[in-house]
Number of protein chains: 2
Amino acid sequence: MNATALADLSADDLATLLEEQRAAYEELKTRGLKLDLTRGKPSAQQLDLADDLLRLPTTTKDAYGVDVRNYGGLEGLRELREMFADLLWVEPDQVVAGGSSSLTIMRDCLFYLMLFGGVDSERPWGKEEKVRFVCPVPGYDRHFTLLESLGIEMVTVPMHDDGPDVDAVAALVADDPTIKGIWIVPTYANPSGSIVSQDVAARLAAMPTAAPDFKIFWDNAYALHHLTEDEAKSADILTLASAADHPHRPIMFASTSKITYAGAGVAFLAASTANIAWYLGHLGNGSIGPDKVNHLRHVEFFGSPQGVRDHMAKHREIIAPKFAEVDRVLTERLDGRGVATWNTPSGGYFVNLDVVPGTASRVVALAKEAGIALTPAGSSYPYKQDPDDTNIRLAPTMPPLAEVTAAMEAVATCVLLAAAEQASA
Amino acid sequence: MNATALADLSADDLATLLEEQRAAYEELKTRGLKLDLTRGKPSAQQLDLADDLLRLPTTTKDAYGVDVRNYGGLEGLRELREMFADLLWVEPDQVVAGGSSSLTIMRDCLFYLMLFGGVDSERPWGKEEKVRFVCPVPGYDRHFTLLESLGIEMVTVPMHDDGPDVDAVAALVADDPTIKGIWIVPTYANPSGSIVSQDVAARLAAMPTAAPDFKIFWDNAYALHHLTEDEAKSADILTLASAADHPHRPIMFASTSKITYAGAGVAFLAASTANIAWYLGHLGNGSIGPDKVNHLRHVEFFGSPQGVRDHMAKHREIIAPKFAEVDRVLTERLDGRGVATWNTPSGGYFVNLDVVPGTASRVVALAKEAGIALTPAGSSYPYKQDPDDTNIRLAPTMPPLAEVTAAMEAVATCVLLAAAEQASA
């Protein structure tokens, strides 16, 4: 491609481009498309990979003789905790296997902190005058929604390729005791694809914080979700924090939602043994134990930690071509135009597309009118406020490949049209 | 039996009895028993009844075309909600199907009330100076533990055969706005076996309350768990409350924990449509949907509401003889002695045994030393404080029948020995 940047076009050429894109967009609208790139959901083809689960488990007792059908075992099935301890590089005693949603486990931790406080809290967070969280942006909208629902104020810092801007984070937390935590997706972040480096993780683990009970919510949702053979290894935040004498600072979360079934997997929490006791203590007031049948189902399905890794390779075969297609179409249509930048993630579920500042909302609106559902502009920012109106999150895993192509061609048209409109205004 | 009441025995005869029971108890200890009547857990034989679940579902889509493996459907699978709406005498839109634990759903409702308030609250309960709950006693220890953990004070009223002492409840709630709720097991109550009558339910639904957001937590854990052919029909608290113009007062809870698998069933919430919207609104901030695969698994397993009822008849065949055995041994050993009263429940999971006031702790301690685990005395009271030290909860469902016999023979010896000790003191 040798496309000219819009900024370098003559007025006539810009007018021509605008007309071309308007015509392309009108043609697009006639097609009656109904495509959806909104959410990071696995496709039916990916879910099919786990359908042996439907005929498991073949027994009702685990290797330790526990009848998985009955009550009990608050911390989850030992064999499954051992398996995922291996995958998450922690000890089995530091892992809890729970229900089907890590989001719910994270919510529960926030609820416990608000209502009861943490192991190192002076009082419940709900009794503080103000509680604030550092939020790297762009980030995961559901994290922000939860914080907002609890009245926890959000302070943003930029997300870089190697993780949150750690200088900015360290400066914020050093003197302000109202800042109680930070929420990070450390591996293949939603939506930037960033991977928190060992250095950044070490600084987050070690930095002085004014709040004695500062927490790192380490949402390792995509720990094993590689898109290339260059498999990122997540920084070992628990060991780093322990070495820095802040063992109770991080709480790690993970799940098999995007490994087996999105709605019927198993979620995990990993933390210091004191944090585990704290979590189980509160959990035990309102639970007699998780679904251990589903735990055993997963143990049998995977067989071993390597079984999980092998399974992820099958996902990669299905979804890597979709990510490649997003990049191909964007490159073909937009490269050199100076109207967009995007990442080529090496894992995770999203492509982060930054369009001409001030046009993201317009792009999403144009796409919607043409039948392509995109996540609302601003969704990756607290309070849904993208200050530059530039960020769009693309989720290409769910639609079949042909629909990804059609949707991305349409998105490219919308991006160009919105940019040309703005340049002509 | 023509046993003489202890109170009517001569000093000599009492001394003889005491010696006999001491000898019997010493003999008991030599047997090395290891028996457990502590918790209301189903036996392996009961769990076996549901083992077809291990090979279900046979498909991955529900009748409405929903792929149950993926995210979504916060309110639960439509077909399962329809099935249990029928069984709970409510509309499907008034039912949410959730995870595996109704205790967790109840806890979540309390958390939402504390952190956010209810649909009719002036402020979050956590912002009130004081929050209190009415607790019929004896009652379910896990209810009390949850309330205590949240700092909600408990005020007791007696539980009668037809439900809580409704005059006492009405008097408490009429003028005191700090009293925000009552927690009731309406059908075959834990542990008394009481069944809330239509009249009592109607008064609870209609009584004036000083708190505008008074809630009835209607924990219908044993709605379908009949021990006789005389099947109790739970009072329809939602309709009664709606008719009394307090539609948002009751929230009903139920589960299949003691229908299919104790650890891997499905839990339900039923309430007014405004309460359902309130519940789902808060739930949706921390969940992308429940385990719909398990929902479909249950839909296929039962087939219909009648399938659930038929399944419960199989449970009855297994556990009714155990309850009969508890009554037989207690009658044979203690009838006429004036040392104990107990109920013969027509459903549920417990027998409520009241021993000589002041001896319940002693009985439990004696039993423990002889290898029989009983629920700690006082467990069925808030703060574990039975003011009369008289109440013991027996749970006979889990052990095989022969063990129930052995355990109850031992319990009878302990009850008699403790009573003889006290009478001789």
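Just so it is clear: chains get the letters A, B, ... in the order the sequence lines come, proteins before strands, and each one is counted from 1.
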Give, as side chain, backbone, both or neither, the part of [X] having an atom under 4.5 angstrom from any heavy atom of chain B.
| X | value |
| --- | --- |
| A/D51 | side chain |
| A/T104 | both |
| A/R69 | both |
| A/M398 | side chain |
| A/R39 | neither |
| A/T58 | neither |
| A/P124 | neither |

Quick one: closest heavy-atom pair of B/S149 and A/N285, and the distance?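 Closest pair (atom of B/S149, atom of A/N285, distance): CB-ND2, 3.4 Å.
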
Which residue out of [options] racks up the most heavy-atom pairs below 4.5 Å with chain B?
| options | answer |
| --- | --- |
| A/K127, A/R55, A/R297 | A/R297 |
| A/G289, A/P290, A/A264 | A/A264 |
| A/D67, A/I288, A/L110 | A/I288 |
| A/L150, A/V68, A/T145 | A/L150 |

Is there a donor-acceptor contact under 3.5 Å linking the side chains of B/K258 and A/Y71?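 A pair is found: one side chain offers a donor N or O, the other an acceptor, under 3.5 Å apart.
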
